[in-house]
Amino acid sequence: MSLVVVGSVAYDGVETPYGRRERMLGGACTYVALAASYFTQVGVVGVVGDDFDPADRRLLEEHGIDLGGLEHAPGKTFYWSGVYSEDMNDRVTLRTELNVFADFRPELPAHYRSQPYLFLANIQPALQRRVQSQMSAPRLVGGDTMNYWIENRREELIETLAGWDVLLINDSEARLLSGERNLRRAAERIRAMGPKILVIKRGEYGALLFADDGAFAAPAYLLDSVRDPTGAGDCFAGGFFGYLAEQGVDPGAGPIEPRLLRRAVIYGSVMGSFCCEQFGVDRFRTLTRAEIDARFQEFKALTEF
Ligand code: AMP
């Protein structure tokens, strides 16, 4: 294993203009882990309830994901539901039920603690911090968060992300976190909070990378049909971070090459785009690394001039 991912493992209820699913496998950790599993060996940290379907467990195992850190607890699995606008650029959260996550106190298995890469996917900031404190000396720590935590646990979140190298958030969250409308100024403020590598995701408009060598902008892949954008941001994070882990980056030994960071943004966009093609995690049932690399090449053609 190389990359430890902590975050929600969930059941989601989702409605988009293409249809509705009452209950399907989701969760930030699930999406990050599945996307990253195409690049590196992943182990997850999370908790599920006694309603967790063995078939969902098998999907993760089939991707070579280590489930030694996935606890089973009495009660119900985290549940989230949301409904998308007609153009799918906005979504409204209908329900967030923490369930077994409310009392989750992760204890990492011994073989997780010495891993070089750590990704703190979306979940309570205090849980993210607890997991980070149990890692012996990760080379690169990245994370994600969302408006729910920025609004409800602001202080806890700011303390938590002070210890991260990488933060990935979407544009509205960047504005909310920084209190700045202008994205360049928002990025400056957020980088001053800790994470020196910042990715601001902009949905169908692509993503912006801010790092020591300046900014980089990438468009989103032009899909002909978006069925369900749930998890796209997490899959972006999984592609971005998984690629950096695959490359063995080590900021302790010198700055990460800007070219690698830029490629990571493109792999992130590629993974986010695949995620949107089908509901929930369905695209990952058939996706191959060859398809991923082919789409990476298409990105070159899309942006080269
Ligand atoms: P994304 O579309 O990338 O923002 O991620 C959607 C996933 O985030 C869904 O699968 C949800 O289960 C999960 N999620 C929604 N709200 C939360 C929350 N407050 N904490 C952790 N995970 C969440």
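Indexing begins at 1, ligand by ligand and atom by atom, following the structure's order.
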### Query
If you measure from each heavy atom of Tyr11 to ligand 1, is any distance below 4.0 Å?
no

### Task
Consider ligand 1: state whether an atom of it lies below 4.0 angstrom from any non-hydrogen atom of Phe78.
yes

Should you measure from each heavy atom of [X], which atoms of ligand 1 turn up under 4.0 Å away?
| X | value |
| --- | --- |
| Tyr148 | 19 (N) |
| Gly233 | 3 (O) |
| Arg91 | 1 (P), 2 (O), 4 (O) |
| Gly27 | 9 (C), 10 (O), 12 (O) |
| Gly26 | 10 (O) |
| Ser8 | 13 (C), 21 (C), 22 (N), 23 (C) |
| Ala10 | 12 (O) |
| Trp149 | 18 (C), 19 (N), 20 (N) |

### Summary
among protein heavy atoms, the one nearest atom 10 (O) of ligand 1 is Asp12 OD2, 2.4 Å

### Task
Would you mind checking which non-hydrogen protein atom is closest to atom 21 (C) of ligand 1, with the distance to 0.1 Å?
Asn122 O, 3.1 Å

Assess, by modelled atom type and distance only, whether the side chains of [X] and [Y] contain a donor and an acceptor separated by less than 3.5 Å.
| X | Y | result |
| --- | --- | --- |
| Asp53 | Tyr11 | no |
| Arg283 | Thr286 | yes |
| Arg139 | Tyr117 | yes |

Salt bridge or not between [X] and [Y]? Use side-chain N to carboxylate O under 4.0 Å.
| X | Y | result |
| --- | --- | --- |
| Arg21 | Asp282 | no |
| Arg295 | Glu291 | no |
| Arg129 | Glu159 | yes |

#### Entry: ring pair (Phe, Tyr, Trp, His ring centres under 6.0 Å) partners of Phe39, counting only residues at least two apart
Tyr267

### Message
With a heavy-atom distance limit of 4.0 Å, tell me whether Asp234 approaches ligand 1 through its side chain, its backbone, both, or neither.
### Response
both

### Query
Backbone, side chain, both or neither: what part of Met146 comes under 4.0 angstrom of ligand 1, heavy atoms only?
side chain

### Task
Examine distances only and state if a side-chain atom of Thr77 and a backbone atom of Gly49 form a donor-acceptor pair shorter than 3.5 Å.
yes

### Pairs touching residues 84-109 that satisfy ring pair (Phe, Tyr, Trp, His ring centres under 6.0 Å), sequence neighbours left out
Phe78-Phe101, Phe101-Phe104

